[in-house]
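Hydrogens, waters and symmetry mates are skipped; everything else that's a heavy atom, side chains included, is used.
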Amino acid sequence: YPLCALAVSDERPVSTQSTWEDEQGVKDSVELFAADTAFSAFKTHNVPANQLQVRLAADSGPGHSWLKSYGIKLPVLSQNGGHSAPRTHRPTKGGAGSYITQSLHRKLKKNDQCQIIKQAEVTELLTGPGGRVSGVTYVKDGVTTQVECLATVIAAGGFAGSVARQAEGSILAKYRPDLVDLPTSNPPSATGDVMLMAENIGAELMDMEYVQVHPTGFIHPDHPEEKELVLATEALRGHGALLLNQTGRRFVNEIWHRDWVSEAEKTQRGSIYLVMNSGVAKDTQVPFVKQYTALGLLKHFGSGQEFCNFYNIPYSNFSETLAVYNEAAKRGYCDSGKNRFPNCPFFPEDKYVVGIVTPLLHYVMGGVKINKEAECIRKSDQQPIPGLFGAGEQTGGVHRKNRLAGNSLVDCVVYGRVAGNSAAKYAKSNRSRM
């Protein structure tokens, strides 16, 4: 009997402490990372990190080493919003999510013991005596098939793309009807169907109302009404990009927590501009600036005056904003709470790379409740459902009200490994019963 995985999975993973951090002299700790994760959730230091968050932090370094053992190298470090240290990793080329997924997928395809079934839709979790999950039902090419398994891991993602396919019947419309009109970074396939399948066999769903609105989705200038947008990576702001409103003013700490930045954006009138000087653009040229430019999402200007003229922004305001920002950088602090100023100073005469951004649906914190062994929890008695394990955005409890930037992929790596180990142990211990 096989193990059965419902797969899954762009964001950059976080770790504490990785060899890359050691080599670059970064001072970090499991306790600090866990505390940052907990603070991002509730915005108070009075709520300590829970067991899931502690394990996320503790296993992030080993998870990073595990990736490295497969030749997956993530040497570029940045300090993103909400982090107390530079611990967010990415490769030298390409996005971290696709790089990790594709690299592991290539390894998996070479494993003769693994069968990957594509273009199939899982429709049901099968159960046996005592409520034990015994496999899945799936449909492929109109044919329904049941797969009997010793253990099942669900990792089918969230529901932030569900409105496009399911409209008023979507999970998003049920739990957050106030957000259904926002654009999304998710594909239409992100419907959360497997969450409902788990709920149907007694699993508890938790934190379903907590949906993360990311502050920077690119608006394509030729297609402003599009609802499925490209995400402007956090790395741009992590390397110093500014957010300016239509009057040429900053209005927020660009590297605050995502929910705070998104709320600040909602108070602005007119367009919001993500603005990179030549230093930021150089630091993020490969792959981000190059990729976004090719997609028509970024425009390049020979000067600040050229940028302001193109978007009808008062140049005098823009120049004054930069002058005030540069003075704050000299002090090491500005009134918005910002205390890091990468690639400062900003001069009006510099070259600029600019995109128009907007808040968009990005991630759901809720899902199937799990414990620190990635066992899915039954609602009726709060006990693990035998044979069912979960990882990634499919699950709830790790991020609570708001996910810390970069913690999506680290969740996938850490709890993907935990779920796999727990499922393997369960399958081994129950093999004789099958």
Side-chain angles (χ1 to χ4, degrees), residues 6 8-9 11 37-38 40-43 47 50-53 56 122-125 133 152-214 257-259 262-263 359-372 374-385 388-405 407-408 411-412 415-416 419:
L6 310 185
V8 211
S9 204
E11 187 106 2
T37 299
S40 179
F42 294 106
K43 304 302 185 295
V47 179
N50 63 32
Q51 289 185 335
L52 296 177
Q53 293 164 343
L56 183 81
V122 174
T123 58
E124 181 186 13
L125 292 171
V133 174
T152 301
V153 177
I154 54 175
F159 56 84
S162 60
V163 172
R165 179 175 292 181
Q166 298 171 330
E168 293 181 358
S170 67
I171 299 179
L172 185 70
K174 176 181 178 180
Y175 288 100
R176 289 300 302 270
D178 57 310
L179 299 180
V180 296
D181 292 329
L182 286 180
T184 180
S185 64
N186 286 215
S189 57
T191 56
D193 292 347
V194 179
M195 294 181 186
L196 300 183
M197 295 177 206
E199 185 181 37
N200 287 339
I201 64 163
E204 179 173 355
L205 302 184
M206 66 175 294
D207 292 346
M208 297 293 281
E209 69 275 23
Y210 299 140
V211 177
Q212 186 170 82
V213 177
H214 193 287
H257 293 277
R258 290 174 175 177
D259 49 348
S262 295
E263 287 302 315
L360 80 170
L361 301 171
H362 181 50
Y363 190 89
V364 299
M365 277 68 72
V368 180
K369 185 177 182 178
I370 60 170
N371 60 21
K372 66 177 183 177
E375 297 172 303
C376 296
I377 302 302
R378 187 162 42 222
K379 184 176 182 178
S380 62
D381 58 7
Q382 294 300 297
Q383 296 300 307
I385 297 174
L388 186 63
F389 307 85
E393 194 176 359
Q394 182 82 81
T395 62
V398 177
H399 310 293
R400 300 310 314 269
K401 292 182 70 173
N402 182 64
R403 177 174 62 77
L404 184 63
N407 271 3
S408 175
D411 182 2
C412 291
Y415 280 103

How far does OG1 of T395 sit from CD1 of I377, to the nearest 0.5 angstrom? 11.5 Å
Contact between V364 and M195 at the side-chain level, heavy atoms closer than 4.5 Å - yes or no? yes
Taking the side chain as every heavy atom from C-beta outward, state whether V398 and Y415 have any atom pair closer than 4.5 Å. yes
Taking all heavy atoms of A419 and all of G390, pick out the closest pair and write down the distance. CB-O, 3.9 Å
Taking all atoms of both residues into account, what is the closest heavy-atom pair of P359 and V213, and its distance? CB-CG1, 3.6 Å
Looking only at side chains, do Q383 and E375 share a donor and an acceptor under 3.5 Å apart? no
Which pair of heavy atoms, one from K401 and one from A41, lies closest together, and at what distance? CB-O, 3.0 Å
Sub-3.5 Å donor-acceptor pair from the side chain of N371 to the main-chain atoms of P384, do we have one? no
Students often mix this up, so state it plainly: with edges at 30° and 60°, are the rings of H362 and H214 parallel, tilted or perpendicular? perpendicular
Under a 4.5 Å cut-off applied to non-hydrogen side-chain atoms, are I385 and V133 in contact? yes
I want to check something: taking the side chain as every heavy atom from C-beta on, are L196 and I171 in contact at a cut-off of under 4.5 Å? yes
Option passing side chain to side chain donor-acceptor pair (under 3.5 Å) with E204 (candidates Q382, R378, K379): Q382
Minimal heavy-atom distance between G392 and C412, with the atoms involved, is CA-SG, 4.2 Å
Please find the pair of heavy atoms, one from N402 and one from S40, that lie closest to each other, and give the distance. ND2-OG, 3.1 Å
Looking only at atom types and distance, does a side-chain atom of Q394 sit under 3.5 Å from a main-chain N or O of A391, one as donor and one as acceptor? no
Please test K174 against M208 for side chain to side chain contact (heavy atoms under 4.5 Å, CB included), starting from the C-alpha separation and ending with a verdict. CA-CA 10 Å; K174 176 181 178 180; M208 297 293 281; over 6 Å; no
Within the 3.5 Å criterion, strictly below it, is a donor on D411 or H399 matched to an acceptor on the partner's side chain? yes
With a 4.5 Å heavy-atom cut-off, do L52 and R400 have their side chains touching? no
Between the side chains of Q212 and D259, is a donor N or O closer than 3.5 angstrom to an acceptor N or O? no
Are any of the side-chain heavy atoms of V211 and F159 separated by less than 4.5 Å? yes
Heavy-atom distance under 4.5 Å between the side chains of V122 and I154, does that happen here? no
For V163 versus S170, what's the shortest heavy-atom pair and its separation? CG2-OG, 3.7 Å
Between D193 and Q166, do the side chains contain a donor N or O and an acceptor N or O under 3.5 Å apart? yes
Hey, is CD on Q51 packed in by over 12 heavy atoms from elsewhere, all under 6.0 Å? no
Which value, rounded to the nearest 0.5 Å, describes the distance between D181 atom CG and L361 atom CG? 10.0 Å
Distance from C376 atom SG to I201 atom CD1, nearest 0.5 Å? 8.0 Å
To the nearest 0.5 Å, tell me how far N407 CG sits from T37 OG1. 4.5 Å
Partners of E263 by salt bridge (Lys or Arg N to Asp or Glu O under 4.0 Å), sequence neighbours excluded? K266
List the steps, then state whether side chain to side chain contact (heavy atoms under 4.5 Å, CB included) holds for M197 with E124. CA-CA 6 Å; M197 295 177 206; E124 181 186 13; 5.6 Å; no
Taking the side chain as C-beta and beyond, is there a heavy-atom pair between L388 and V368 under 4.5 Å? no
